[in-house]
Amino acid sequence: MENADIAKIFEDIADLLEIKNENPFRVRSYRNAALIISGLPESLRSIVERNEQELKNIPKVGKSIHEKIVEIIKTGKCKFHDELFKELPPGLLDLLEVSGIGPKKVQLLYDKLGIESVEELEKAAKEGRLRELPHMGEKTEEKILKAIQELKSHKGRFRISLAISYAEPLIEYLKKIPGVTEVEPAGSLRRWKDTIGDVDILVTCKKGASVMDKFVKYPEVKDVLSKGETKSTVILKCNLQVDVRALEGKSFGAALQYFTGSKAHNIAIRDRAKKMGLKVSEYGVFDEKTDKRLAGKTEEDVYKAVGLPFIPPELRENLGEIEAAEKGKLPKLIEIQDIKGDLHMHTTESDGGHTIEEMAAYAMQKGYEYIAITEHSKALGITHGLDEARVLKQIDRIDEINRRLKNFRILKGIEVDIKADGSLDLDADVLKQLDLVVAAVHSKFNMTAEEMTERIESAMSTGLVHIIAHPTARIIAVREPYPVDMPKLMQAAKKYGIIMELNSYPERLDLSDTYLRLAKDMGVMAAISTDSHNRQHMDFIRFGIHTARRGWLEKKDVLNTRPLKEVLRILKKEAQH
DNA sequence: GCCGTTTTCGGCCCGACTGTTTTCAGTCG
């Protein structure tokens, strides 16, 4: 039972209790717990195995949920959860997936028509049986059928890079509407989450501008789900949902704050405001008694009104940022201009698309001081990985190029394969001649967490490795991370002076935000690299930077914010282990 | 069910849109 499974159990309990019309705050407790658990860097299993009492440190986990976590880990089951499923059929949870269907309607459909599944709902809607129910009519039936179609074609969450590629042209389109003054993406896009459920866009405009009329006529719109004066929702042809909110300029800051979320962050902010006798909405911050408007024009004003400094969007997950802001202890987050070089890339020598010189030229154009060329090693035959002889040849070649370069340095590196037994794919005496050894797992992902942890630890302990690349090998929405005990791996990284990579490829973003924060907390340094396979890939660095910010990383936590000399010094020292 | 710089009891974010209603419930974010 991993954290995700346990979180799912609590999500199910919340849904079922809601359908049963239980106390909504009790429902929220289970939901809050699920949210926190799915974001924990350490597995609950290892926490319970070490010391059950440590569960008390997890916010939103009280006595009842504590007991259930222990029960689930020890028995693999949750009695309460099983009992709820005895009362209600499991298909009811699927009904909640249909947009426009909530717990009340599920309850009604089940009680009055005995509907237990999406198929039965679809049948009933087609037969016109739903209109017999209170508050339901012909239009509701149509809407439900449409929503079921939508669900069937649903692609799930979008990778952030993909969502941006659809959002940017729409933003340009909105900017051209007469009367529009500002257009800003908000929501998870502005927080730079690695995946995006839907795109939120905030528009400020003069009164009477026909923003919504124009928005729903955007050529890429497939379906209009709702259209009002200040809020409209559409589905694009690519199945991405987009919400647009239009407000006057004086509410811009409050609206941006509100629509950026996260929901959990906003609830905490509003809770805090309430205790101060204030009310926060998307229109501004108001005195609860006099209704006097205290802030709203800028986000800074909104935070100031509730006694806080500005909190960067990437931190707004209610994972301690409000407490840190209160104490003046927010991190000074890393910025893209802090990056001085890129330490993971490939060239035509293995599976890249540009030569060493072309990669270097592009990096210089970006203002970098250095790059590292890190080809694959021979075990990855499919990428034309380098054997010892070719590595030695490339070392000479790079030395030769470096002699011609001024104020720029190409580091001689490798992305050496970590084989199944934990050994490295190239001879030690060759690896020792390189400036930088990046090591990575590319095969046999189906090990147990214990085996995989041991495998990587063993590579770390050779004294030859500087950086572990894409440490979980996840491909977002395609391949799950391999099982590995990350806290233990971080401990080993600390022990051997190993740097952990944040791979900026938008499909990877590995380490994830949660693990980056764990690294920081454990004092392990990160390297933000692009793993470029052609020169434009170096621009992926922005995805890495924002993910690093989500992991609370500062300039000092990242190797490649350092000037060349210092990087070389650190690499040399690390290699002495 | 969780939580505590008013509290161990009594709170728990706030507003828009829709479809069905003659004044509002349900859903969503």
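Chain A is the first sequence line, chain B the second, and so forth, proteins listed ahead of strands; every chain is numbered from 1. Fair warning: this is a prediction, and the values are worked out from it, not measured in the lab.
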Pairing partner (Watson-Crick or G-U wobble, both distances under 3.5 angstrom) of B/dT8
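Looking at the geometry, B/dT8 pairs with no nucleotide.
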Just to be sure I understand the rule, does [X] reach a base, reach only the sugar-phosphate, or reach nothing, if contact means heavy atoms closer than 4.0 Å?
X: A/Val280; result: sugar-phosphate
X: A/Ile269; result: nothing
X: A/Lys139; result: sugar-phosphate
X: A/Gln241; result: sugar-phosphate
X: A/Pro59; result: sugar-phosphate
X: A/Ser99; result: sugar-phosphate
X: A/Asn23; result: base
X: A/Glu138; result: sugar-phosphate
X: A/Pro24; result: nothing
X: A/Tyr283; result: sugar-phosphate

Starting at [atom1] of [X] and ending at [atom2] of [N], how long is that distance when rounded to a whole Å?
X: A/Lys146; N: B/dT27; atom1: NZ; atom2: C1'; value: 17 Å
X: A/Asn318; N: B/dC3; atom1: CG; atom2: P; value: 12 Å
X: A/Leu278; N: B/dC14; atom1: CG; atom2: P; value: 11 Å
X: A/Gln107; N: B/dA25; atom1: CD; atom2: P; value: 15 Å
X: A/Lys56; N: B/dC3; atom1: NZ; atom2: C1'; value: 15 Å
X: A/Lys263; N: B/dG15; atom1: NZ; atom2: P; value: 15 Å
X: A/Leu151; N: B/dT27; atom1: CG; atom2: C1'; value: 16 Å
X: A/Asp243; N: B/dT18; atom1: CG; atom2: P; value: 12 Å

Quick check: does any side chain N or O of [X] sit under 3.5 Å from a backbone N or O of [Y], one acting as donor and the other as acceptor?
X: A/Asp94; Y: A/Val118; answer: no
X: A/Arg316; Y: A/Ile311; answer: yes
X: A/Glu554; Y: A/Leu333; answer: no
X: A/Asn3; Y: A/Leu44; answer: yes

Kindly point out which of [options] is positioned nearest to the side chain of [X]?
X: A/Arg28; options: B/dC12, B/dT20, B/dC14; answer: B/dC12
X: A/Ser226; options: B/dG26, B/dC13, B/dT18; answer: B/dT18
X: A/Lys231; options: B/dC12, B/dC28, B/dC2; answer: B/dC28
X: A/Lys143; options: B/dG19, B/dA16, B/dG1; answer: B/dG19
X: A/Arg245; options: B/dT18, B/dA16, B/dC28; answer: B/dA16
X: A/Ser29; options: B/dC14, B/dG29, B/dC2; answer: B/dC2
X: A/Phe25; options: B/dT20, B/dC12, B/dG29; answer: B/dC12

Sticking with atom [atom1], work out how far [N] lies from [M], rounded to a whole angstrom.
N: B/dT8; M: B/dG1; atom1: C1'; value: 14 Å
N: B/dC14; M: B/dC9; atom1: C1'; value: 25 Å
N: B/dT27; M: B/dT21; atom1: P; value: 16 Å
N: B/dT20; M: B/dG26; atom1: C1'; value: 11 Å
N: B/dA16; M: B/dG10; atom1: C1'; value: 29 Å
N: B/dC28; M: B/dT23; atom1: P; value: 25 Å
N: B/dG15; M: B/dT5; atom1: P; value: 25 Å
N: B/dG29; M: B/dC13; atom1: C1'; value: 12 Å

Looking at [X], I'd like to know whether one of its side-chain N or O atoms comes within less than 4.0 Å of OP1 or OP2 on [N].
X: A/Arg270; N: B/dC13; value: no
X: A/Lys275; N: B/dC12; value: no
X: A/Lys104; N: B/dA25; value: no
X: A/Ser64; N: B/dG1; value: yes
X: A/Lys227; N: B/dT18; value: no

- Task: Check each of A/Glu321, A/Glu314, A/Glu317 against A/Arg549 using the salt bridge (Lys or Arg N to Asp or Glu O under 4.0 Å) test, and report the only one that passes.
- Result: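 Exactly one pass, corresponding to A/Glu314.
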request  = State which residue, out of A/Lys488, A/Arg517, A/Arg50, fulfils the salt bridge (Lys or Arg N to Asp or Glu O under 4.0 Å) condition with A/Glu42.
outcome  =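 The option that passes is A/Arg50.
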- CD of A/Glu229: more than 12 outside heavy atoms within 6.0 angstrom?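 No, the 6.0 Å shell around CD holds no more than 12 heavy atoms from other groups.
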Contact check, side chains of A/Leu174 and A/Tyr218, non-hydrogen atoms, under 4.5 Å: no
> Less than 4.5 Å apart, any side-chain heavy atom of A/Glu122 and any of A/Gln149?
Replying inline: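 They are in contact (side-chain heavy atoms under 4.5 Å apart), so the answer is yes.
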Earlier contact from the 5' end, DNA chain B, for A/Tyr30 and A/Glu288: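 On the 5' side of the pair lies A/Tyr30.
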* Nearest nucleotide by nearest heavy atom, which residue falls closer to the 5' end of DNA chain B, A/Asp200 or A/Ile65? ->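 Result of the comparison: A/Ile65.
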query = Does B/dT20 fall in syn (glycosidic angle within 90° of 0) or anti?
reply =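 The base of B/dT20 is oriented anti (glycosidic angle more than 90° from 0).
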